[in-house]
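What follows is one structure encoded as structure tokens, with my remarks underneath.
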Amino acid sequence: MGLRISPSILSADFGHLVDECERVAGAADWLHVDVMDNHFVPNLTLGLPIVESLLKQVSTPIDCHLMISDADRWAPGYAEVGAASVTFHVEAAANPSQVARDIRSHGARAGMALKPATRIEDYVEVIEEFDMILIMTVEPGFGGQSFMADQLPKVRAARELVKNKDLDIWIQVDGGVSAATIEQCAEAGADTFVAGSAVYSTPDPVAAISQLRALAQTATDTSWWCAH
Ligand code: DX5
Ligand code: ZN
């Protein structure tokens with residue numbers, strides 16, 4: 001079973017963003033870019049012009065995580081400029097299905113993100129419009145927060161849904177994912193792992209990615225949802 005590690009550049013040095021992205025080239029499957037608007041979340045990072053510039057400079061595919069209000073209006077633009085995956089929060093969209101279709105119409109993968117208080121059961125009807133479900137394991141807004149283990153049942157519920165319907169939808173976890181927590185995520189059903197501080201706040205980001213990948217792979221191989 002393939003799994004993916006997506007380092008979050010939120011914990012990288014923003015003064016050397018391209019170099020920081022290239023530091024993990026070849027080791028990371030994706031690069032997770034957190035877009036925050038100081039409205040949907042109480043923090044401000046970067047937006048479309050910087051994503052567009054990164055896309056021109058960086059070889060690893062970009063996984064945009066939009067923590068912004070009015071996703072209906074803004075999310076498709078990230079796909080239009082070439083982000084390979086665009087994830088928006090269902091709490092910030094009036095019509096999540098339509099936003100997913102708009103993103104896919106530009107050739108990108110569409111992801112739905114759920115805050116910790118948001119139930120996946122309320123979005124079962126629309127999941128087939130998506131290529132990925134992002135389950136937040138912290139309150140969105142900041143890197144370096146503690147992992148919320150109470151979100152693991154939601155990861156498991158998402159995996160049950162995808163497995164029962166035999167869908168090809170990735171399940172991503174984001175927030176507090178580290179060597180101490182990644183195995184629980186994989187065991188519950190995640191296959192795509194965002195890690196910010198666990199990669200970029202270490203002296204050797206490539207080694208950190210290798211360690212995370214090995215831990216996730218072993219936990220996946222013996223998990224309820226993947227083991228044969
Ligand atoms: C938080 C962001 C995360 C953040 C994770 O709202 O969505 O992607 O970078 O950081 P860590 O891995 O340090 O919890
Ligand atoms: Zn994120």
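What you see is a predicted model; the values in this text were computed from it and never measured. Counting starts at 1 for both ligands and their atoms, following the listed order.
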Looking at [X], which of its N, O or S atoms is the nearest one to the Zn ion (ligand 2)?
X: H32; answer: NE2
X: D174; answer: OD2
X: D34; answer: OD1
X: H65; answer: ND1

[X] side chain to [Y] backbone, donor-acceptor under 3.5 Å:
X: S11; Y: S197; answer: yes
X: K154; Y: T118; answer: yes
X: W224; Y: E187; answer: yes

With only distance considered, is [X] within less than 3.5 Å of ligand 1 through an N or O on each side?
X: S11; result: no
X: G175; result: no
X: E139; result: no
X: V138; result: no

Query - Heavy-atom check, side chain of D63 versus side chain of R4, under 4.5 Å - result: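 Counting from C-beta outward, D63 and R4 never come under 4.5 Å.
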**Report entry** More than 12 heavy atoms from other groups under 6.0 Å of CD on E125
**Finding:**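 No, not enclosed.
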Near [X], which atoms of ligand 1 are under 4.0 Å from a heavy atom of that residue?
X: G141; answer: 1 (C), 6 (O)
X: G144; answer: 10 (O), 11 (P), 13 (O), 14 (O)
X: S197; answer: 11 (P), 12 (O), 13 (O)
X: H32; answer: 8 (O)
X: V194; answer: 8 (O)
X: M67; answer: 6 (O), 7 (O)
X: G143; answer: 10 (O), 13 (O)
X: F142; answer: 1 (C), 6 (O)

Query raised in the report: Any side-chain donor-acceptor pair under 3.5 Å between S85 and R109?
Result: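 Absent: no donor and acceptor within the cut-off.
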Query raised in the report: Between the side chains of T45 and D34, is a donor N or O closer than 3.5 angstrom to an acceptor N or O?
Result: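 No - no donor-acceptor pair under 3.5 Å links their side chains.
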**Report entry** R23/E20 ion pair, N-O < 4.0 Å
**Finding:**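 Yes, charged N to carboxylate O under 4.0 Å.
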Query raised in the report: Are S69 and D37 close enough, and set up right, to give a side-chain contact (heavy atoms from CB on, under 4.5 Å), and what steps lead you there?
Result: CA-CA 7 Å; S69 299; D37 65 353; 3.8 Å; yes
Requested in this report: Could you check whether the rings of W30 and W170 sit parallel, tilted or perpendicular, using 30° and 60° as the cut-offs?
Outcome: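 Answer is perpendicular, since the angle exceeds 60°.
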Requested in this report: For P7 and I209, work out which heavy atoms get closest and say how close.
Outcome: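 So the two residues come closest at CG-CD1, 3.7 Å.
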Query raised in the report: Going through the checks in order, is the side-chain contact (heavy atoms from CB on, under 4.5 Å) test met by V35 and L46?
Result: CA-CA 6 Å; V35 175; L46 49 83; 4.0 Å; yes
Query raised in the report: Which bit of A195 is near ligand 1, meaning a heavy atom under 4.0 Å away: side chain, backbone, both or neither?
Result: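 The answer is the backbone.
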Query raised in the report: Can you tell me the protein heavy atom closest to atom 3 (C) of ligand 1 and the distance?
Result: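 Nearest neighbour among protein heavy atoms for atom 3 (C) of ligand 1, to 0.1 Å: D174 OD1, 2.9 Å.
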Query - Residue, atom name and distance, where the atom is the protein heavy atom closest to atom 14 (O) of ligand 1 - result: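 Going by distance alone, atom 14 (O) of ligand 1 is nearest to G176 N, 2.8 Å.
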